[in-house]
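Okay, so here's the structure we're looking at.
Chain letters run A, B, ... following the sequence lines, proteins first, then strands; residues in each count from 1.
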Number of protein chains: 2
Amino acid sequence: MRRDVFQALADPTRREIITLIARKPLTPNAVADSFDVSRQAISKHIKILTECGLLVIRPQGRERLYAVQPQKLGEVSDWLENFRTIWETRFDKLDTLLQNMDSPSNSDAI
Amino acid sequence: MRRDVFQALADPTRREIITLIARKPLTPNAVADSFDVSRQAISKHIKILTECGLLVIRPQGRERLYAVQPQKLGEVSDWLENFRTIWETRFDKLDTLLQNMDSPSNSDAI
DNA sequence: AATTTGCGCAACCAAATAGTTGCATATATA
DNA sequence: TATATATGCAACTATTTGGTTGCGCAAATT
């Protein structure tokens with residue numbers, strides 16, 4: 001069972017859950033109220049998000065409050081960071097490359 | 001068939017392909033050389049990456065050169081940006097929240 | 001012209017995913 | 001104590017995914 005942040009964020013419902021909980025910690029029932037699927041379906045999503053560390057749980061009486069662990073999103077951010085240079089400072093070069101790619105001398109110029 | 005950037009990045013092989021191609025545009029065969037799976041499996045991944053705009057293609061004779069479209073990663077970056085404030089400036093508050101979550105007055109303080 | 005090479009497409013398969021319903025358990029409340 | 005509520009777990013299902021093999025076609029090479 002793959003359980004990493006990227007895979008967890010692949011599902012749009014889970015991304016919405018994160019957005020929702022980021023505003024304020026919520027119980028599974030409270031989260032489920034915002035969606036059309038069953039409470040159990042939401043619970044499954046919450047479980048996945050918790051397993052990969054994007055949510056943390058704090059039992060409170062019979063309720064369970066879930067909160068986002070925003071630092072965990074840093075893993076994605078870090079990965080993206082590797083490409084930031086390319087897309088911010090070299091994408092003009094890439095354009096050039098794409099336009100001239102038929103001249104082999106440019107093919108490995110990036 | 002869901003075809004968005006988040007879903008495309010969910011697969012670790014696809015993330016590796018992006019890293020690889022980011023260095024320098026490559027043909028499917030060249031990419032496949034770096035992996036243990038079949039050329040067709042890689043071609044499928046490349047297709048998915050292309051369909052969601054993370055790769056662009058430039059036919060060159062009988063070869064097909066694929067290059068990353070790094071701007072497309074901006075979509076992920078933009079989404080993350082919504083949480084950056086939380087995880088950079090408020091994660092100390094979150095810690096406090098998590099530690100004191102049993103006192104209801106703090107539950108919605110984030 | 002015949003052959004080789006690069007690559008996409010189709011069909012198929014096992015495993016994972018996202019959903020469902022039903023049940024068990026723990027905490028609150030009457 | 002009995003009941004209601006919150007939530008997790010298990011079993012089941014349809015769909016999607018990631019992989020395979022085989023085929024066909026277009027471009028290069030002989």
Counting N and O atoms only, with roles assigned by atom type, does the side chain of A/R15 sit under 3.5 Å from a partner on the main chain of A/A10, one being a donor and the other an acceptor?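 Side chain of A/R15 to backbone of A/A10: a pair is present.
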
Would you say [X] places a side-chain N or O within less than 4.0 Å of OP1 or OP2 belonging to [N]?
X: B/S43; N: C/dC7; answer: no
X: B/Q40; N: D/dG18; answer: no
X: A/H45; N: C/dT17; answer: no
X: B/Q7; N: D/dT16; answer: no

Please report the interatomic distance CG(B/L26) to CD1(B/I17), rounded to the nearest 0.5 Å.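 Nearest 0.5 Å value for the CG-CD1 distance: 10.5 Å.
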
If you round to the nearest 0.5 Å, how far is CG of A/L9 from CG of A/D4?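 With rounding to 0.5 Å, CG (A/D4) is 9.0 Å from CG (A/L9).
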
Nearest whole Å is fine: how far is [N] [atom2] from [X] [atom1]?
X: A/E16; N: C/dA18; atom1: CD; atom2: P; value: 14 Å
X: A/D11; N: D/dT17; atom1: CG; atom2: C1'; value: 14 Å
X: B/I48; N: D/dG18; atom1: CD1; atom2: C1'; value: 8 Å
X: A/F35; N: C/dG19; atom1: CZ; atom2: C1'; value: 15 Å
X: A/E63; N: D/dG8; atom1: CD; atom2: P; value: 11 Å
X: A/R58; N: C/dT27; atom1: CZ; atom2: P; value: 15 Å
X: A/E51; N: D/dC9; atom1: CD; atom2: C1'; value: 13 Å
X: A/R64; N: D/dT5; atom1: CZ; atom2: C1'; value: 14 Å

Give one of base, sugar-phosphate or nothing for B/K47, where a contact means two heavy atoms less than 4.0 Å apart.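 The answer is sugar-phosphate, as B/K47 gets under 4.0 Å only of primed atoms, P, OP1 or OP2.
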
Among [options], which nucleotide sits nearest the side chain of [X]?
X: A/S38; options: C/dT5, C/dT20, C/dC7; value: C/dT20
X: B/Y66; options: D/dA6, C/dC7, C/dG8; value: C/dG8
X: A/I57; options: D/dG8, C/dC7, D/dG19; value: D/dG8

Residue whose nearest DNA chain C nucleotide is more 5′ - A/D36 or B/N29: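 Checking each residue's closest nucleotide, the 5'-ward one belongs to B/N29.
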
Residue closer to the 5' end of DNA chain C, A/T13 versus A/G61 (nearest nucleotide):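 Per heavy-atom nearest nucleotide, the more 5' residue is A/T13.
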
Base of C/dG8 paired with side chain of B/R39 (donor-acceptor, under 3.5 Å):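 It does, because a donor-acceptor pair links the side chain of B/R39 to the base of C/dG8 below 3.5 Å.
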
Given side chains that start at C-beta, do those of A/T27 and A/R64 come closer than 4.5 Å, heavy atoms only?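 Not touching, per the 4.5 Å side-chain cut-off.
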
Quick one, A/Y66 and A/T50 - any side-chain contact, counting heavy atoms below 4.5 Å?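 Side-chain contact under 4.5 Å: yes.
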
If you find the nucleotide of DNA chain D closest to A/R62 and the one closest to A/K44, which residue's nucleotide is nearer the 5' end?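 Checking each residue's closest nucleotide, the 5'-ward one belongs to A/R62.
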
